Amino acid sequence: MIDDITPRNAKSLDLNLLLAFEALMRARSVTGAAKALGVGQPAMSAALKRLRVLLGDEVFVRTKNGLTPTTRAVELEPVVTRALQDLRNAVFAERPFDPAAERRAFHIGASDYIAAGLAPPLLQAMERDAPGVTLVFHHTRKDHVPAALEDGVIDLALGYFPELSGPLKVRRLYTDELVCLFDPQACGVAPPLSLADYVRLPHLLMSTRGETSGVVDEALNAEGRSRRVRASMPYFLSLPFCLYGLKAVACAPRRMAELCANATRLAVSPVPAPMPALEVSMAWAIRADRDPGLVWLRGLIASVAASA
């Protein structure tokens, strides 16, 4: 009702409270949100108190896992995120981005294997060129990427996106391929694996959805073959720890497999069946296309990916 919009209510809508709300939603802790915004914990606690008064809601409740948003907070999150991102785009559109002087956190959605391959050289480059910039990596499922980008939960997504849709832009970073990773001593075979050995050995599969089949099975079916999946794992980097000393084989992207092979006695071998190439790309929301900070970060990631 119009009578409810009083000067007192209008003045209490402070932009700083929206920034605090955004930081609390991401960090799920007062301490983490305070660190992200560069303020003290008492100031963040005071901001949370003001949010509760403003909204007439608890906004966040304390649980054993940290701060849990209320239903009201979950409803407000996409609205607040879009409003703040639109404001940032408008305010900073024409401002040159100085990475050396910037104090900002960028949120990146990526699988564990992509983060393991790109994060080390990326962090080294940032330590040199942008020491005040913080990267926050999120393990984001492929089917959740469009909503996470559009809602501002993440700024960029890195991964294999063959069917990505929505108001997004995509830039290819590099091409990878699936290879076999296994312990030759435990399996009793040496690379290269034959197709007979490949289908004879039990398999470990990486699937964020808990599936027990994938592109490998499609390729094997085309050859009139099948495999036995012993276990499905949610993370690529859990595979080498399981394979060590185990009579089993797994398919993994070559970049990750070679990193693991260099640190263990595991062997890398071509998959003895035709496999599709993995186009690893970078995706972002169209509305953030001109954000100077993200333009800089995308360029840095593309440069690091090309030389990694």
Side-chain angles (χ1 to χ4, degrees), residues 26 36 85 88-89 91-142 144-146 148-150 152-179 235-237 252-263 268 276-308:
R26 286 179 170 177
Q85 188 59 55
R88 290 185 181 110
N89 290 343
V91 172
F92 300 119
E94 305 302 327
R95 183 178 70 86
F97 182 82
D98 182 4
E102 190 67 25
R103 300 293 183 270
R104 180 174 172 183
F106 293 100
H107 293 255
I108 300 175
S111 68
D112 55 338
Y113 107 83
I114 291 179
L118 290 182
L122 182 59
L123 291 173
Q124 291 172 9
M126 289 176 55
E127 179 66 23
R128 180 188 67 242
D129 300 332
V133 169
T134 300
L135 293 184
V136 182
F137 283 89
H138 300 251
H139 190 82
T140 309
R141 273 179 43 175
K142 181 168 55 180
H144 293 169
V145 163
L149 288 170
E150 184 60 22
V153 176
I154 56 175
D155 300 306
L156 289 173
L158 307 176
Y160 173 56
F161 306 128
E163 299 176 352
L164 202 62
S165 62
L168 308 173
K169 286 197 171 183
V170 179
R171 175 178 177 180
R172 190 180 71 82
L173 293 175
Y174 60 87
T175 301
D176 209 339
E177 62 177 337
L178 287 175
V179 296
Y235 306 109
F236 272 118
L237 292 180
R254 178 177 290 279
R255 288 195 179 196
M256 188 212 87
E258 291 177 345
L259 284 174
C260 297
N262 290 337
V268 176
L278 302 177
E279 297 287 343
V280 178
S281 303
M282 173 170 50
W284 63 95
I286 290 177
R287 58 181 177 74
D289 189 46
R290 296 181 60 191
D291 182 315
L294 291 177
V295 170
W296 166 80
L297 182 60
R298 294 196 298 264
L300 182 61
I301 290 175
S303 175
V304 165
S307 59

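If you're wondering where the values come from, they're calculated on a predicted model, not measured in any experiment.
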**Study point:** Trace of the side chain to side chain contact (heavy atoms under 4.5 Å, CB included) decision for Met256 with Leu237
**Key:** CA-CA 8 Å; Met256 188 212 87; Leu237 292 180; 3.8 Å; yes

Practice item. Please step through side chain to side chain contact (heavy atoms under 4.5 Å, CB included) for the pair Phe106 and Leu156, ending with a clear verdict. Key: CA-CA 8 Å; Phe106 293 100; Leu156 289 173; over 6 Å; no

Practice item. Test Tyr113 against Asp176 for side chain to side chain contact (heavy atoms under 4.5 Å, CB included), laying out the working first. Key: CA-CA 12 Å; Tyr113 107 83; Asp176 209 339; 3.7 Å; yes

Point to revise | Intermediate values then yes/no, side chain to side chain contact (heavy atoms under 4.5 Å, CB included), Val145 and Phe161 | key: CA-CA 9 Å; Val145 163; Phe161 306 128; 3.9 Å; yes

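Remark: Phe137 CZ to Ile108 CD1 distance equals 4.5 Å, nearest 0.5 Å. Remark: Leu149 CG to Ile286 CD1 distance equals 11.0 Å, nearest 0.5 Å. Distance check: Leu118 CG to Leu158 CG gives 6.5 Å after rounding to the nearest 0.5 Å. Glu102 CD to Met126 CE: the interatomic distance, rounded to the nearest 0.5 Å, is 10.5 Å. Note that the CD1 atom of Ile114 and the CE atom of Met282 stand 11.5 Å from one another [nearest 0.5 Å]. Annotation: the span from Cys260 atom SG to Phe236 atom CZ amounts to 10.5 Å, rounded to 0.5 Å.
With Arg254 as the partner, the side-chain contact (heavy atoms from CB on, under 4.5 Å) test is satisfied by one option alone out of Val179, Leu259, Leu278: Val179.
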In a table with atom names and distances, give each donor-acceptor pair under 3.5 Å that connects a side chain of residues 166-175 to protein atoms at least two apart or in another chain.
from, atom 1, to, atom 2, distance (Å)
Lys169, NZ, Asp289, OD2, 3.0
Arg172, NH1, Thr175, OG1, 3.0
Thr175, OG1, Glu279, OE1, 3.1
Thr175, OG1, Glu279, OE2, 3.3

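The aromatic rings of Tyr235 and His139 sit perpendicular, their planes meeting at an angle over 60°, well past the 30° parallel limit.
Between Leu178 and Pro253, the shortest heavy-atom distance links the atoms CD2-N, 4.0 Å. Closest non-hydrogen pair, Gly117 versus Pro121, comes out as O-CD, 3.5 Å. What you find for Ala257 and Val268 is that their closest heavy atoms are O-CG2, 3.7 Å. In plain terms, the two heavy atoms of Arg255 and Ala305 that are nearest each other are NH2-O, 3.6 Å. Looking at every heavy atom in both residues, Gln85 comes nearest to Ala288 through NE2-CB, 4.3 Å.
Salt bridge Asp155/Arg104: absent, no basic N to carboxylate O contact under 4.0 Å.
When side chains are defined from C-beta on, Leu135 counts as touching Leu297, because their heavy atoms get closer than 4.5 Å.
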